[in-house]
There are 2 protein chains.
Amino acid sequence: MVRAGLSAERLARAGAELADEVGFDQVTVSALARRFDVRVASLYSHVKNSQDLKTRIALLALEELADRAADALAGRAGKDALTALANVYRDYAREHPGRYAAAQLRLDPEAAATSAGGRHAQMTRAILRGYDLTEPDQTHAVRLLGSVFHGYVSLELGGGFSHSAPDTQETWSRILDALDALLRNWPAAHVPPR
Amino acid sequence: MVRAGLSAERLARAGAELADEVGFDQVTVSALARRFDVRVASLYSHVKNSQDLKTRIALLALEELADRAADALAGRAGKDALTALANVYRDYAREHPGRYAAAQLRLDPEAAATSAGGRHAQMTRAILRGYDLTEPDQTHAVRLLGSVFHGYVSLELGGGFSHSAPDTQETWSRILDALDALLRNWPAAHVPPR
DNA sequence: TGCATTTGCCTAAAACCTTTAGGCAAATGA
DNA sequence: TCATTTGCCTAAAGGTTTTAGGCAAATGCA
């Protein structure tokens with residue numbers, strides 16, 4: 001009886017592919033076993049349980065995404081860097097919707113600590129070096145950028161922007177223009193009324 | 001044998017409560033039957049299946065959210081309206097995380113058509129009447145606002161902003177200030193280089 | 001090479017969720 | 001009052017998760 005050569009990493013990779021094909025919430029230990037043509041119980045030697053499997057897929061996606069982001073940022077600054085990072089998220093979500101959904105999984109603190117989450121925050125912060133922001137404004141801006149990137153990508157992916165006129169590429173460009181303008185001219189703490 | 005008085009609406013309402021208590025993805029036909037102290041199969045006289053139940057919860061949440069938004073916008077304009085609408089989303093997500101997650105459910109076109117989705121878009125558009133934007137910039141701005149609101153709320157809810165210094169309330173205020181400033185000074189289509 | 005240990009996948013089985021089919025009793029209404 | 005409709009039930013099949021225990025393949029050491 002020939003062995004299938006399973007391992008936690010291979011399961012996570014196959015799980016990520018499966019997620020892109022059928023959606024992250026359809027990723028199941030059973031479906032994965034079927035894909036390896038192996039009995040379900042066999043997977044439990046490699047992953048603790050279903051939650052563990054999903055966490056591994058999430059960590060994989062976060063790493064991939066961080067790697068792409070690091071690549072894209074190399075040698076860029078200012079709006080160029082802003083656009084590059086934004087496009088990494090959007091393109092990744094379009095190419096790998098299941099993995100992107102996985103990356104959104106709420107991780108327990110232990111898993112979160114070993115995740116690439118910190119790299120993502122660092123890279124967003126790096127972009128802001130091209131603009132003139134000091135703490136705590138920098139943190140506010142990091143959060144704004146994260147919100148826009150994630151919010152836009154997830155609404156677009158979920159079809160929230162369909163059935164409407166200006167195409168989404170145009171909107172995306174204009175949003176990036178707007179963010180660039182905003183960062184170059186970040187409003188002071190207290191905007192005077194009117 | 002006394003009847004439990006089930007109905008599609010009661011199931012949706014109870015499902016929404018359950019979602020807030022244990023998370024939307026833990027909402028199951030079984031759990032709901034247990035809550036009504038009724039056999040599982042009995043629910044299938046009122047909802048078509050599990051997907052149907054979830055869709056009804058999503059539609060309920062979208063309606064509630066739209067009602068709150070309409071209330072909040074009444075008599076407000078400009079930044080006042082912007083802040084009010086933004087807070088409706090954020091507060092709703094914090095008070096009803098399960099319902100908020102439900103509202104994010106990808107609806108099939110048929111359900112989407114009967115949903116309050118259109119009202120939401122309309123209300124965001126209404127806010128922009130307080131600013132000087134014409135089409136297609138208005139649509140771009142609607143999409144930006146949707147992205148920021150949804151993105152921020154879902155990151156904050158998912159714990160994405162935890163373990164960090166400036167508190168999230170402060171960031172939220174500053175982001176609203178920034179959006180207001182941006183809308184008052186929306187950049188023209190072609191930002192000159194440099 | 002030969003043997004002991006480890007490792008990997010298996011069968012079996014229990015628990016839970018989903019969904020359909022068919023039945024009886026309660027509610028409704030003529 | 002009696003017929004019909006409606007609501008919840010039992011039964012059953014099929015799928016996913018998870019644990020326990022077993023045998024054979026791979027590995028490693030003499």
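Here is how names work: the chains are called A, B, and so on, in the same order as the sequence lines, proteins then strands, and each is numbered from 1.
- A side-chain donor-acceptor contact under 3.5 Å links D20(B) to the backbone of R99(B).
- Shown here is D80(B), whose CG atom has more than 12 heavy atoms of other residues, nucleotides or ligands within 6.0 Å.
- Rounded to an integer number of Å, the gap from L53(A) CG to dT18(D) C1' is 14 Å.
- In this structure, H140(B) has no ring-ring contact (aromatic ring centres under 6.0 Å, His included) partners at least two apart in sequence or on a different chain.
- For D137(B), the side-chain hydrogen bond (donor to acceptor under 3.5 Å, both in side chains) partners are R174(A), not counting sequence neighbours.
- The hydrophobic side chain of L60(A) is isolated, with no ILVMFWY side chain under 4.5 Å apart from it.
- Between E156(B) and R94(B), at least one side-chain nitrogen of the basic residue sits less than 4.0 Å from a carboxylate oxygen of the acidic one, meeting the salt-bridge criterion.
- A salt bridge links R125(B) and E135(B); the closest N-O separation between the charged side-chain nitrogens and carboxylate oxygens is under 4.0 Å.
- Within residues 5-33 of chain A, the residues having any heavy atom under 4.0 Å from DNA chain D are, by residue number, T28(A), V29(A), S30(A).
- Sorted by residue number, the members of residues 34-50 of chain B with any non-hydrogen atom under 4.0 Å from DNA chain D read V38(B), R39(B), A41(B), S42(B), S45(B), H46(B).
- Applying the ring-ring contact (aromatic ring centres under 6.0 Å, His included) test to H46(A) and every residue at least two apart in sequence or in another chain returns nothing.
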